[in-house]
Amino acid sequence: MSIRLRLTLWYTGILTATLLLLGLGLYIFLHTIYYSSLRDDLRAQTEVLRSRTIATYTFSLDGGKPGYIFNIVGGVPRGSNGLFQVVNVDNGTKFPSPRLQEAGIQFPEIDAKKLKCVLNETCLYDKARIENMDFILYYTPIYATRFPGPTDRPAGIMQSAMFADDRLFVMLRLILTVTGLVAILLAASVGWFLARKVLKPIGQVVDATNRIEKGADLEKRIEYDGPNDEIGVLTQTINSMLGRLQHAYVELEEAYSAQRRFVSDASHELRTPLTTIRGNVELLEKMWKQAALKAGSDDSQKLELTLEAMHDISGEAERMSRLVNDLLSLARADAGFQMTKTNQPIRPIIDEVARKAVLLPRTVEFQVGNLDDLNGVYVYGNADYLQQLMFIFIENAFKYTDAGFVRLDALRHEGQVGIRIEDSGIGMDKEEVPHIFDRFYRADPSRGQKAGTGLGLSIARWIIDEHNGSIEVKTLKDEGSTFVIWLPIASSGVIEVQEAEGHSIADQNQV
């Protein structure tokens with residue numbers, strides 16, 4: 001959820017709660033004031049009439065039972081908006097006012113329960129709906145004596161009623177509801193607009209930052225022409241940070257470029273003397289071997305010691321040569337070297353690797369499994385680098401496998417071809433797997449029992465990345481490892497062996 005939407009929702013929610021509280025408070029206040037005023041007015045009119053009501057006892061009440069009759073002296077005053085009626089509590093005879101008779105309205109009956117609560121002054125007021133109209137009612141007792149005692153029974157009950165116009169409050173509820181909804185909608189729209197306007201500079205900062213990030217051009221700066229508020233300070237801070245990043249990036253790039261040039265130049269310069277040293281040492285070894293055959297026992301022993309020293313020198317020179325070649329390959333990778341690639345039939349490449357792998361130094365059996373999944377498959381790549389890739393994994397398998405086997409086979413899955421190298425060697429812990437492609441990392445715990453520079457798998461990873469491939473590793477400590485090199489299939493079809501053997505391979509750079 002965006003900040004603009006959250007601000008709008010918060011603003012709208014707060015305004016809604018405020019309007020709801022204000023509207024509810026206003027409604028309750030007006031409702032309370034209206035009905036309180038209505039009850040006070042009704043009670044005042046009733047008390048005036050009660051004081052002017054005379055109760056007269058008669059033995060003949062229109063031919064009915066004897067009892068009290070009630071008469072309001074002077075009648076109901078003009079201008080009174082109330083309806084009045086006196087009910088005899090003994091026989092239930094009703095004495096309505098003229099206006100009540102004209103209206104034809106019947107007040108609720110007064111039963112014993114109602115009479116009791118009126119006398120206890122617990123239900124003096126009541127609300128009733130009569131003839132689809134709302135009325136507020138007031139009950140007050142009328143006594144036959146002017147000064148009734150606490151034990152005197154009232155002669156009658158005066159019922160007073162006044163029309164309570166709820167239409168006003170229905171209209172008020174409608175007005176408050178409609179006004180509140182309109183206000184909320186307007187506030188939400190205005191809030192959305194204001195939030196958009198206020199946060200627009202932040203959007204511009206984000207867009208400019210994205211353009212800089214995608215273009216990797218640290219010379220660009222965020223353009224801002226607004227006030228020097230929080231957003232202006234933020235823009236200045238980001239521009240200052242970009243300037244510092246640009247300066248650091250330039251220095252880092254220069255240092256990195258100098259390092260790449262140094263490694264590349266040093267590798268080139270070291271290859272020639274190392275080759276010369278190895279050639280001379282091998283020549284001296286041959287000459288001293290011939291001299292050892294002709295020399296005496298003492299001289300022969302000295303020559304053997306000399307030959308052993310020369311052999312050590314030759315081995316170290318060879319190891320240095322491999323290290324220099326590996327560094328040169330990595331220097332090319334760091335410099336963004338692009339190898340020449342064409343559609344290559346993968347089966348002849350793997351067959352050539354399998355043929356040459358038999359001649360590598362090893363102490364275990366080399367097995368070539370089923371390679372039929374490679375038939376007719378082309379990959380877009382470089383044949384020489386693909387061979388180097390396979391030899392890196394096979395040589396590693398031979399190096400770290402003292403007993404058992406090393407197996408080479410192939411598999412195919414969903415537009416990819418996999419070359420699998422499996423061994424029964426020392427294996428690795430799962431914690432080591434993420435680091436095996438790091439430069440100079442050695443899985444050998446002794447870091448010295450096995451010859452190597454720790455750069456082979458780094459070079460292999462670069463070759464795999466250049467071919468848009470991937471590597472799958474399965475390993476178990478002391479039980480062996482399995483590497484599956486997955487390469488995307490460029491095209492496939494039935495290829496004759498003669499065509500595959502006669503396929504010309506473009507000249508490509510050696511590592």
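Along the sequence shown, residues carry numbers from 1. Bear in mind the structure is a predicted one, so any value in this text is a computation, not a measurement.
- Of the N and O atoms on the side chains of T342 and Q344, at least one donor lies less than 3.5 Å from an acceptor on the other residue.
- Within 6.0 Å of CZ on F193 lie no more than 12 heavy atoms contributed by other residues, nucleotides or ligands.
- The aromatic rings of F169 and Y35 lie parallel to each other, with less than 30° between the two planes, well short of the 60° mark.
- With rounding to the nearest 0.5 Å, the separation of OG1 in T401 from CD in E422 is 10.5 Å.
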Show, in sequence, the C-alpha distance, side-chain angles and deciding distance for Q416 and E414, and conclude whether the side-chain contact (heavy atoms from CB on, under 4.5 Å) test is met.
CA-CA 6 Å; Q416 289 187 319; E414 294 183 356; over 6 Å; no

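- The structure places CG of N343 at 11.5 Å from NZ of K341, a figure rounded to the nearest 0.5 Å.
- Within the model, atoms CG of L476 and OG1 of T482 stand 10.0 Å from one another, a figure rounded to the nearest 0.5 Å.
- Taking the charged nitrogens against the carboxylate oxygens, D465 and R461 do have a contact shorter than 4.0 Å, which makes a salt bridge.
- The environment of NE2 in H247 is sparse: at most 12 heavy-atom neighbours from other residues, nucleotides or ligands sit within 6.0 Å.
- Salt-bridge check for K356 with E352: passed, with a basic side-chain N closer than 4.0 Å to an acidic carboxylate O.
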Check the pair I485 / M390 against side-chain contact (heavy atoms from CB on, under 4.5 Å), numbers first and verdict last.
CA-CA 9 Å; I485 303 164; M390 302 306 161; 3.8 Å; yes

Please step through side-chain contact (heavy atoms from CB on, under 4.5 Å) for the pair H467 and V379, ending with a clear verdict.
CA-CA 9 Å; H467 287 81; V379 297; 5.8 Å; no

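- The environment of CZ in R244 is sparse: at most 12 heavy-atom neighbours from other residues, nucleotides or ligands sit within 6.0 Å.
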